[in-house]
4 protein chains.
Amino acid sequence: MSTVATRRPAGTTHRRAPEIIEAAARVFAERGYHGASTQAIADVLGIRQASLYYYFGSKEEALTLVCMRGVEEFVEHAAAIGAGPGTAAEKVRALVHSHLRPLVDRRDFVLVFLRERHLLPDDSRRRVGRLSRRLERIFQDVLEAGVRSGELRPGLDCRLVTLALLGMCNAAPAWYGKEPGASIERIAAEFARLAIDGLAAGRSRSKGGR
Amino acid sequence: MSTVATRRPAGTTHRRAPEIIEAAARVFAERGYHGASTQAIADVLGIRQASLYYYFGSKEEALTLVCMRGVEEFVEHAAAIGAGPGTAAEKVRALVHSHLRPLVDRRDFVLVFLRERHLLPDDSRRRVGRLSRRLERIFQDVLEAGVRSGELRPGLDCRLVTLALLGMCNAAPAWYGKEPGASIERIAAEFARLAIDGLAAGRSRSKGGR
Amino acid sequence: MSTVATRRPAGTTHRRAPEIIEAAARVFAERGYHGASTQAIADVLGIRQASLYYYFGSKEEALTLVCMRGVEEFVEHAAAIGAGPGTAAEKVRALVHSHLRPLVDRRDFVLVFLRERHLLPDDSRRRVGRLSRRLERIFQDVLEAGVRSGELRPGLDCRLVTLALLGMCNAAPAWYGKEPGASIERIAAEFARLAIDGLAAGRSRSKGGR
Amino acid sequence: MSTVATRRPAGTTHRRAPEIIEAAARVFAERGYHGASTQAIADVLGIRQASLYYYFGSKEEALTLVCMRGVEEFVEHAAAIGAGPGTAAEKVRALVHSHLRPLVDRRDFVLVFLRERHLLPDDSRRRVGRLSRRLERIFQDVLEAGVRSGELRPGLDCRLVTLALLGMCNAAPAWYGKEPGASIERIAAEFARLAIDGLAAGRSRSKGGR
DNA sequence: CATGAATGAGCATTCATTCAT
DNA sequence: GATGAATGAATGCTCATTCAT
């Protein structure tokens with residue numbers, strides 16, 4: 001955001017900085033934060049381990065940076081969808097699409113965010129925690145509005161369904177790229193369809209819970 | 001009780017063994033395998049760290065033991081459901097129920113299995129890998145049979161839906177116990193309903209993916 | 001020495017004691033004192049590690065016991081030879097024979113004594129040190145007498161030759177049993193011959209070292 | 001000085017590396033490999049124990065390095081002597097000299113090689129094993145040639161004599177430096193004399209073994 | 001006699017981090 | 001910018017030893 005080349009502005013802005021943080025994301029994604037040594041990150045970059053500390057002040061800071069890029073935009077996009085026009089169905093479809101899209105070019109960042117965010121230092125953990133909750137809130141609001149409008153099945157437990165949808169989507173990074181023929185588009189379409197049909201206020205369907 | 005002069009019977013059979021392995025599960029679940037020190041496990045038990053090694057030969061063995069208990073019965077129950085009688089809808093509901101139930105009394109084991117199984121030593125990793133694949137296969141078979149019988153929507157991508165359902169269910173351990181009022185029964189009912197309605201061959205539903 | 005079955009006489013006298021000390025000798029010989037775990041000794045015996053402590057009070061005591069049996073008789077036999085009748089040549093031959101003979105049935109004890117005696121606790125180390133020095137003295141006395149009597153080459157450095165002969169003989173335990181066709185008799189004969197001929201006061205021999 | 005951005009050039013090339021490996025040799029020689037703690041090595045150097053690992057990757061690697069320096073040149077020198085001109089007697093004398101010389105400035109390395117080489121990791125153990133066997137071969141070849149040429153006593157068991165000579169020489173490191181007045185030159189001369197006279201084809205000597 | 005259970009001390013090794021250059 | 005050298009603090013693990021049974 002800051003355009004002026006300051007002297008080490010908080011958050012690290014060096015020439016190779018993006019490269020470095022990407023390497024960290026990769027290694028954290030592969031081995032987990034605690035399983036990843038700074039040496040392994042340096043190896044990926046072909047530099048010496050000590051040199052990493054020119055780019056970040058601590059391993060924890062690297063994790064913070066990675067996690068940050070793993071959530072950013074998520075919420076903004078979702079918020080725009082939530083606030084925009086459209087039926088609940090259309091919004092759910094859009095939310096699912098939007099939630100899966102970062103997988104294409106940010107899989108490692110997302111994976112690290114999903115799995116390792118609880119290791120963040122207190123302040124950044126709380127920050128991403130708030131983001132997470134805002135995201136959940138957006139999903140839930142869309143669902144609740146859908147129920148109120150009668151578009152979605154009455155009696156829907158919107159909280160649980162939110163968690164179901166997010167769980168469904170958040171599992172994708174773990175296998176995306178290993179399932180042949182599963183493009184983001186296909187996945188999003190299939191997931192959205194499942195969700196929308198599963199939530200729609202319908203007629204006779206499933207003889208009724210238990 | 002022991003029939004012969006033993007030599008530490010394979011699989012560790014000590015009086016306090018279950019207690020020890022439970023403590024390991026707890027700590028692994030809380031901090032992750034690499035973030036968990038054997039000292040922390042010992043602290044939970046109120047014994048000295050070295051004493052742990054009377055019960056397992058290595059931290060890795062402890063992980064194996066925990067993961068083992070995290071998967072066992074999963075597949076057997078699912079297989080029984082898959083092979084049993086009932087419509088696809090009934091089976092999906094049963095599978096979801098069965099998949100969530102272990103959360104009640106085995107949450108830590110399941111969490112550890114889900115998150116840390118890739119750290120297992122090669123042989124046990126392959127073993128639990130096979131179990132995972134069998135479980136997925138069972139879900140997928142039920143879905144495919146449902147499609148063939150016309151009960152489920154034609155054109156369903158059964159592989160992706162399997163991953164969706166498992167992702168949905170597998171996310172639950174992460175928040176189960178923190179969501180007030182979300183009993184296993186409620187969660188399972190809601191998830192199953194979502195799945196079944198979302199998959200059913202229906203009438204006019206969602207004007208059709210993109 | 002003590003015939004009466006006392007209550008744990010110093011030096012340990014139990015039914016299986018010889019068996020236990022033999023196992024210790026074997027393991028110490030194979031892996032060295034520090035490389036040998038009490039567990040390994042117990043394994044050889046098929047008993048539990050803790051049970052060993054019924055037979056000896058500490059690992060160091062076991063080493064002492066082994067080393068003791070590794071030297072005992074050595075000196076007595078040598079002393080008898082040194083004090084007995086015969087030419088220097090005959091005595092050297094007898095000493096070499098006598099020094100190699102224990103290899104047949106006590107190889108492990110001798111090996112351990114040779115290699116690990118410096119690890120003994122102070123008092124027993126000094127005791128076996130004294131024995132060693134007495135043994136060397138006996139060799140050296142025989143040589144010196146031989147030189148004085150004119151039987152052995154004048155100018156012989158008896159100290160160095162003693163060390164040479166002992167070095168030669170003491171190396172044998174390391175390879176005895178692995179050299180096909182090398183019986184104790186053959187080895188002793190060949191070594192003795194080499195020594196005697198090499199030491200004899202002769203005629204024209206080697207144009208004379210420096 | 002370093003030509004390229006390196007990545008720890010194979011074989012460890014650090015400024016203080018020779019110093020470090022020498023300290024390891026000293027401690028291994030004094031206490032044996034298993035009895036030597038890395039702490040003790042660090043103490044000798046006045047650095048922290050962890051710092052050692054900047055210079056070698058493992059205690060085993062340190063042992064390998066020490067043993068390597070303990071054998072290197074031995075074989076080359078011996079081979080040159082074996083292949084060079086001279087009578088068997090001259091060659092034996094030269095071999096003994098050459099075998100004892102490293103004691104002067106490499107006693108610890110040689111001692112460690114002699115006593116601890118069996119603890120080397122498989123591959124380096126086999127490598128030094130091959131070197132040992134080549135050395136023995138050289139001694140033995142010289143002896144056999146001497147027997148064939150009639151210079152050495154017929155019927156000589158060249159294998160056993162090789163082992164005798166090596167045993168004799170290899171014992172020296174254990175007491176060299178503690179025997180007052182025993183310079184390498186004196187020792188070598190005395191040992192060579194003993195060997196040469198003991199092996200020469202002579203007249204009436206020793207009335208004949210058994 | 002023998003063992004199961006436990007422990008204290010020590011050990012090799014890893015790793016994030018620092019800092020002078 | 002980058003690195004070589006070094007370190008403090010842990011960490012997993014081994015092992016001799018003890019002791020109640």
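By convention in this document, chain letters (A, B, ...) are assigned in the order of the sequence lines, proteins followed by strands, and residues within each chain are numbered from 1. Only a predicted model underlies this, so the values are computations on that prediction, with no experimental measurement involved.
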(request) Give the rounded distance in Å between these two atoms: CD1 of Ile41(C) and P of dA16(F). (result) 8 Å
(request) Hey, which sits more toward the 5' end of DNA chain E by its nearest nucleotide, Leu52(C) or Ile47(B)? (result) Leu52(C)
(message) I need the OH-P distance between Tyr55(C) and dC1(E), as an integer number of Å.
(response) 6 Å
(message) Strictly below 4.0 Å: does His14(D) bring a side-chain N or O up to OP1 or OP2 of dA5(F)?
(response) yes
(message) I need the minimum non-hydrogen distance between Ala36(D) and Val27(D), along with the two atoms involved.
(response) CB-CG1, 3.5 Å
(request) Taking only the side-chain nitrogens and oxygens of Arg15(A), find out if one of them lies under 4.0 Å from OP1 or OP2 of dG1(F). (result) yes
(request) Please report the closest heavy-atom contact between Phe109(A) and Val66(A), naming both atoms and the distance. (result) CD2-O, 3.5 Å
(message) Going by purine N1 to pyrimidine N3 plus the second Watson-Crick contact, or the G-U wobble pair, all under 3.5 Å, which nucleotide sits opposite dG12(F)?
(response) dC11(E)
(request) Name the residue closer to the 5' end of DNA chain E, choosing between Ser51(B) and Ser51(C) according to the nucleotide with the nearest heavy atom. (result) Ser51(C)
(message) Tell me the interatomic distance from Arg16(C), atom CZ, to dA2(E), atom C1', rounded to whole angstroms.
(response) 10 Å
(message) With a 6.0 Å cut-off (strictly less than), is the heavy-atom count around CZ of Arg31(D), excluding the residue itself, greater than 12?
(response) no
(message) My understanding is that a pair needs two contacts under 3.5 Å, Watson-Crick or G-U wobble. By that rule, which nucleotide pairs with dA2(F)?
(response) dT21(E)
(request) Let me know the distance between OH of Tyr54(B) and P of dA16(F), rounded to the nearest Å. (result) 16 Å
(message) Any carboxylate oxygen within less than 4.0 angstrom of a Lys/Arg side-chain nitrogen, looking at Arg126(D) and Asp123(D)?
(response) no
(request) Working to the nearest 0.5 Å, report the span between CG of Leu63(A) and CD of Glu116(A). (result) 7.0 Å
(message) Just checking Arg117(C): does its CZ atom have more than 12 heavy atoms from other residues, nucleotides or ligands closer to it than 6.0 angstrom?
(response) yes
(request) Please state how far atom CD in Glu19(D) lies from atom P in dA5(F), giving the value in whole angstrom units. (result) 12 Å
(request) Give the rounded distance in Å between these two atoms: CZ of Arg48(B) and C1' of dG10(E). (result) 16 Å
(message) Could you tell me how far apart Leu119(C) (CG) and dA16(F) (C1') are, to the nearest whole angstrom?
(response) 15 Å
(request) Please name the pair of heavy atoms, one in Arg115(A) and one in Ala29(A), separated by the smallest distance, quoted to 0.1 Å. (result) NH1-O, 3.5 Å
(message) So if I define the base as every atom that isn't primed, P, OP1 or OP2, how would nucleotides 11-21 of chain E read as a B/S/- string at a heavy-atom cutoff under 4.0 Å?
(response) SBBB-BBB---
(message) Whole angstroms only, please: what is the CG-C1' distance between Asp43(C) and dA2(E)?
(response) 16 Å
